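Structure first, commentary second.
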Amino acid sequence: MSLCDIIFPEPCHMATSRGTVMSQGDMTYPRRTAMRVFITGASGHLGSAVVPALLSAGHEVVGLARSDTSAAAIEKLGAEARRGDLSDLDTLSAEAAASDGVIHLAFRHDLMLGGDMAGAAEADLRALRALADGVDGSGKPLVGTSGTAMLAMGGIVGRPGTERDAFPSGYRIDAENFVVDLASRGVRSSTIRLAPTVHSSLDHYGFITVIIAAARRSGYAAYVGEGANRWPAVHTLDAAALYRLALEKAPAGARLHAAADEGVPFQQIAAAIGRNLDIPARSIGPDDADNYFGFLGSFAQMDNPTSSAITRELLGWAPAHPGLIADLDEGHYFRA
């Protein structure tokens, strides 16, 4: 059995929209090829690491910028800024068509945090459809973004989730499936499932910052029950390296896992936060989780161990930066 058979339950050949048959091997770059890459979310936390990773590999980058501030940040990184946002569907299609590859990082977090999760997911899917229109039938790479949390929400229990686990529909799952299915339309598509914690000194608004803020506010670092539930995690720079590898050589239709730490017990996360804030770590009950963690109340109880073994073997991804606990103990999250 080949690695392709392990990853893809379907046959490793797909008919493109032009009627030709394209194998997984046909839809990878045998060696690094310099590309013009269009990126949404280029000025964000992850984008600020992905852009330099691509530029250092010899690629040219055009980043979508929704404001003058975002445009300036993208240009400071050494990339070209293109004004627009996820609602500018014609711009998305045109820029995708003009590029050799696309990475989609942006998401309407403002809608999600405001409670309109359905609206955020719909906006994401509309943007992906526009990007797909620009690369349809071209064999070009399009890398989408999803999350490992869907594995826990989808009912994976008692074992780590793997890249082979997939679901027919659901929140952000529809977008993931859309990207994967682009392989049948002659697009070298792949999707990266990010761990819920993408951590580093570049992270100023992620889940870890929210949890630290709750600990500061409450005077103790909390975990729910025994805190045995596990969160996968990945350093920002390791995640950026995976996006570059996916762009350059991921097979069409691949699901990939950006999870360097397979699963860190939440009690250990709370203990590290307490240690660095010089406050106690203690257990709270499930009924108190929403009051303490806010919108992360249910996430703080999620058991989401996630394997990245297939991703590592397939692309040669080798995370090299500190794990979550070591990164917390470096102290940058706790400096005023």
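Predicted model, so just to flag it, every value in this text is computed and none were measured. Below, all heavy atoms of this structure are taken into account, side chains as well, without hydrogens, waters or symmetry copies.
Residue pairs meeting the salt bridge (charged side-chain N to carboxylate O under 4.0 Å, His left out) criterion with at least one member in residues 202-222: none, sequence neighbours excluded. For residues 34-61, every residue pair satisfying the salt bridge (charged side-chain N to carboxylate O under 4.0 Å, His left out) rule, not counting sequence neighbours, is listed here: Arg36-Glu60, Arg36-Glu80. Among residues at least two apart or in separate chains, salt bridge (charged side-chain N to carboxylate O under 4.0 Å, His left out) pairs with a member in residues 221-235 are Arg230-Asp303. The salt bridge (charged side-chain N to carboxylate O under 4.0 Å, His left out) contacts involving residues 47-58 comprise nothing, where partners must be two or more places apart or lie in separate chains.
Qualifying salt bridge (charged side-chain N to carboxylate O under 4.0 Å, His left out) partners for Glu262, counting only residues two or more places apart in sequence or in other chains: none. Evaluation of the side-chain contact (heavy atoms from CB on, under 4.5 Å) rule for Ser283 yields Tyr223 as partners, not counting sequence neighbours. Ala118 pairs by the side-chain contact (heavy atoms from CB on, under 4.5 Å) definition with Asp116, Glu122, not counting sequence neighbours. For Arg159, the salt bridge (charged side-chain N to carboxylate O under 4.0 Å, His left out) partners two or more places apart in sequence, or in a different chain, are Asp165. Here Arg275 pairs with Asp329 under the salt bridge (charged side-chain N to carboxylate O under 4.0 Å, His left out) rule; sequence neighbours left out. Partners of Asp88 by side-chain contact (heavy atoms from CB on, under 4.5 Å), not counting sequence neighbours, listed by chain and number: Asp85, Thr91. Applying the salt bridge (charged side-chain N to carboxylate O under 4.0 Å, His left out) rule to Arg282 yields no partners; only residues at least two apart in sequence or on another chain are considered.
A salt bridge links Glu248 with Arg244: the distance from a Lys NZ or Arg NE/NH1/NH2 to an Asp or Glu carboxylate oxygen falls below 4.0 Å. Classification of Glu163 and Arg193 as a salt-bridged pair fails, no side-chain N sitting under 4.0 Å from a carboxylate O.
Its side chain within the 4.5 Å cluster rule, Ile173 clusters with Met150, Leu151, Ile156, Phe167 among the Ile, Leu, Val, Met, Phe, Trp and Tyr residues.
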